[in-house]
Visitor: 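Can you keep this structure in mind? I'll have questions shortly.
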2 protein chains.
Amino acid sequence: MASLRKTDRRTEDEAHIEAPDLEEFIGYNLKRAYVIVQADFRRALGEDGFAPRVFSALSLVVQYPNVTQSGLARMLGIERSGLVAIVDELEGRGLIKRTNVPGDRRVQALVPTAKGKTSYVEARAVVRAHEDRLLSNLSTEEKATLLTLLGKIRSHED
Amino acid sequence: MASLRKTDRRTEDEAHIEAPDLEEFIGYNLKRAYVIVQADFRRALGEDGFAPRVFSALSLVVQYPNVTQSGLARMLGIERSGLVAIVDELEGRGLIKRTNVPGDRRVQALVPTAKGKTSYVEARAVVRAHEDRLLSNLSTEEKATLLTLLGKIRSHED
DNA sequence: GGAAATTGTTTACTAACTTAACGATATGAT
DNA sequence: ATCATATCGTTAAGTTAGTAAACAATTTCC
């Protein structure tokens, strides 16, 4: 039978106790998992490496040259005002440039520079290595399953 | 054969184009999925409802009464300085209280009030309903699989 | 041609942290 | 016993990653 003491302190062994209620929530587990992956990403890319969102933006500019900032913001799921600093950083590093689009003087198409393209390919290799290492306790199939399940959640985007 | 034009603009159809490189990364998908779940959590709990981290803290205090702030911070994976505002909010709402621990005057054990316990049970029901609704396109088995896979990532905690 | 929408940008704000320091207290080594 | 060390909760200041609102310039829609 369990103890009946009203003043059960239970402060011993905190580190080993599970937290049943929280552990059942997908949201809580997503957050905790993301914190780990993101921290390892930053460690892998180093002090002057890309932050995750900057890497993502560069990836899209390399893959979709001439994307507009509005289009890029939409793809990343953030406000276009929030994209300005990211584009500033990438342009400041000489990895992309803002170019005029003939026919619409409001928009500035984003194109990767040669340096931007090679930097991206290098960074992508580092990111792949980071995920391979960090997630080496997941099989290839498990990783594919995880992507599928996360994709089902992401189906609620927009 | 694909187009050979060097100046291929490709700005049309942005909304429908996939982003192959990014989509293969677990970290990117985790982030995008978490943003959706977290936003729906906040919508479900409403204007004056708990923020996710406050809900998590209350959950742990209810389940582990007399936990210390340091212990709680460790469980949540954040610095104890960051917990002060969370505990302030919960105490300010009359849901938990800081109590003296005889034998160690440095620590303040956290205990839920009666109101805190009932508020938690109610909030937990709302959170469960939010996840059930949002994740209704995942089967029970898929949700269990997802928790297992996220748990494998979380095995890197500490 | 005039109203409405869109683009990139700035400014101001917020949330959710971190790091470093602090005084108070407790613990451990000798 | 005392001195060094560690721990507790807290504050203060800084960082990161955003959002919301407004703006001029430009384009699109009747």
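Throughout, protein chains are lettered first and strands after them, A, B, ... in sequence-line order, and every chain is numbered starting at 1.
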Visitor: Write down the distance between CG (A:Asn100) and P (D:dA25), rounded to a whole number of angstrom.
Guide: 16 Å

Visitor: Report the nucleotide, chosen from C:dG8, D:dT11, D:dA20, that has the shortest atom-to-atom distance to any side-chain atom of A:Gln108.
Guide: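 Nearest listed nucleotide: C:dG8.
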
Visitor: For a 4.5 angstrom cut-off between non-hydrogen side-chain atoms, does A:Tyr120 reach A:Leu95?
Guide: no

Visitor: What's the closest nucleotide to the side chain of A:Ile78 if the choices are D:dA17, D:dG18, C:dT18?
Guide: D:dG18

Visitor: Going by heavy atoms in the side chains, are B:Ile26 and A:Leu138 under 4.5 Å from each other?
Guide: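 They are not in contact (no side-chain heavy atoms under 4.5 Å apart), so the answer is no.
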
Visitor: Does a side-chain heavy-atom distance below 4.5 Å link A:Leu90 with A:Leu110?
Guide: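 When only atoms from C-beta onward are counted, A:Leu110 and A:Leu90 do not touch, as no gap falls below 4.5 Å.
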
Visitor: May I ask you to check whether B:Ser59 and B:Gln63 show a side-chain donor-acceptor distance below 3.5 Å?
Guide: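 B:Gln63 and B:Ser59 do have a side-chain donor-acceptor pair below 3.5 Å.
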
Visitor: Between D:dC8, C:dA16, D:dA12, which nucleotide gets closest to the side-chain atoms of B:Val107?
Guide: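 Looking only at heavy atoms from C-beta outward on B:Val107, the closest nucleotide is D:dC8.
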
Visitor: If you check the A:Glu79 side chain, which of C:dT9, C:dT18, D:dA20 turns out closest?
Guide: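 Of C:dT9, C:dT18, D:dA20, D:dA20 is nearest to the side chain of A:Glu79.
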
Visitor: A:Arg98 has an atom CZ; how far is it from atom P of C:dG8, in whole Å?
Guide: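 Interatomic distance, CZ of A:Arg98 to P of C:dG8: 9 Å.
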
Visitor: Can you identify which nucleotide, out of C:dT25, C:dT7, C:dT19, has its nearest atom closest to the A:Arg106 side chain?
Guide: C:dT7

Visitor: When all nucleic acid strands are considered with a 4.0 Å heavy-atom cut-off, which category describes A:Arg80: base, sugar-phosphate, or nothing?
Guide: base

Visitor: Of all the choices, D:dC8, C:dT10, C:dT19, which nucleotide is nearest to the side chain of B:Ser81 once you look at every atom?
Guide: C:dT19

Visitor: Mind calculating the distance between CG (B:Leu72) and C1' (D:dC8) to the nearest angstrom?
Guide: 14 Å

Visitor: Whole-Å distance between D:dT16 C1' and A:Asp88 CG?
Guide: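 For the pair A:Asp88 CG and D:dT16 C1', the rounded distance is 16 Å.
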
Visitor: For the pair made of CD in A:Glu47 and P in D:dT15, what is the distance, rounded to whole Å?
Guide: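 So the CD-P distance, A:Glu47 to D:dT15, works out to 13 Å.
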
Visitor: I want to check something: taking the side chain as every heavy atom from C-beta on, are B:Glu24 and A:Glu131 in contact at a cut-off of under 4.5 Å?
Guide: no

Visitor: Within the structure, does a side-chain N or O atom of A:Ser70 lie under 4.0 Å from either OP1 or OP2 of C:dT6?
Guide: no

Visitor: Which of these nucleotides, D:dA17, C:dT7, D:dA12, is closest to any side-chain atom of A:Arg42?
Guide: D:dA17

Visitor: Using atom CG of B:Leu83 as one end and atom P of C:dT18 as the other, report the distance to the nearest whole Å.
Guide: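 Distance check: B:Leu83 CG to C:dT18 P gives 11 Å.
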
Visitor: Please pick, from C:dA26, C:dA16, C:dT10, the nucleotide with the shortest atom-to-atom distance to any side-chain atom of B:Asp104.
Guide: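 In terms of side-chain proximity for B:Asp104, the closest of C:dA26, C:dA16, C:dT10 is C:dA26.
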
Visitor: Whole Å only: how far is the CZ atom of B:Arg53 from the C1' atom of C:dC17?
Guide: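 That distance rounds to 7 Å.
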
Visitor: Closest approach to the side chain of B:Gln69, judged atom by atom: which nucleotide of D:dA20, C:dG8, D:dT10 is it?
Guide: D:dT10

Visitor: Are B:Arg105 and C:dA26 close enough that a side-chain N or O sits under 4.0 Å from OP1 or OP2?
Guide: yes

Visitor: Whole Å only: how far is the OH atom of B:Tyr34 from the C1' atom of C:dA15?
Guide: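 Result: 11 Å.
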
